[in-house]
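Working notes for the structure below.
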Amino acid sequence: MDGDAGDDHAIEVHLDRLLAERGMTLTELAHRVGVTHANLSILKNGHARAMRFTTLTRICEELDCQPGDLLGLRR
């Protein structure tokens with residue numbers, strides 16, 4: 001990734017929708033995944049610059065979804 005790119009990306013995070021569909025709170029998901037509420041909030045708000053595959057795996061396991069359900073490309 002180019003260091004000058006900053007937060008200029010076209011990835012959308014659909015965490016709000018997935019949480020609502022499953023009746024789960026961000027706090028509950030953070031606890032189940034083993035990450036901080038603050039870090040999940042950064043992801044949810046589209047401000048994350050990176051995510052570990054292990055974290056992505058745990059989120060998808062807890063939400064019973066695929067990575068493509070969580071992340072999308074804004075066009």
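Note: hydrogens, waters and symmetry copies are ignored here, and every other heavy atom, side chains too, is used. Note that this is a predicted model, so its numbers are computed, not measured.
Salt bridge annotation for E21-R17: present, with a cationic side-chain nitrogen under 4.0 angstrom from a carboxylate oxygen.
Between K44 and D16, the shortest heavy-atom contact is CD-OD1, 2.9 Å. Closest approach of P67 and C60 over heavy atoms only: N-SG, 3.6 Å. In this structure, T25 and E28 approach most closely via the heavy-atom pair OG1-N, 3.0 Å.
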CA sep, side-chain torsions, deciding dist, call: H37, L26, side-chain contact (heavy atoms from CB on, under 4.5 Å) | CA-CA 7 Å; H37 182 276; L26 193 65; 3.7 Å; yes
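Within a 6.0 Å sphere centred on CZ of R52, other residues, nucleotides and ligands contribute 12 heavy atoms or fewer.
Within the 4.5 Å cutoff, side-chain heavy atoms of M24 are placed close to those of L63. The shortest side-chain heavy-atom distance between H14 and D69 does not fall under the 4.5 Å cut-off.
Atoms CG and CE, on L43 and M51 in that order, are 4.5 Å from each other to the nearest 0.5 Å. Within the model, atoms CZ of R32 and CD of E61 stand 12.5 Å from one another, a figure rounded to the nearest 0.5 Å. In this structure, CD1 on I59 lies 14.0 Å from CG on D64, to the nearest 0.5 angstrom. Between atom CD of residue Q66 and atom CG of residue L56 there is a gap of 10.0 Å, rounded to the nearest 0.5 Å. Distance check: L15 CG to L71 CG gives 9.5 Å after rounding to the nearest 0.5 Å.
Hydrophobic cluster membership of I42, counting Ile, Leu, Val, Met, Phe, Trp and Tyr whose side-chain heavy atoms lie under 4.5 Å apart directly or via other members: none, as it forms a cluster of its own.
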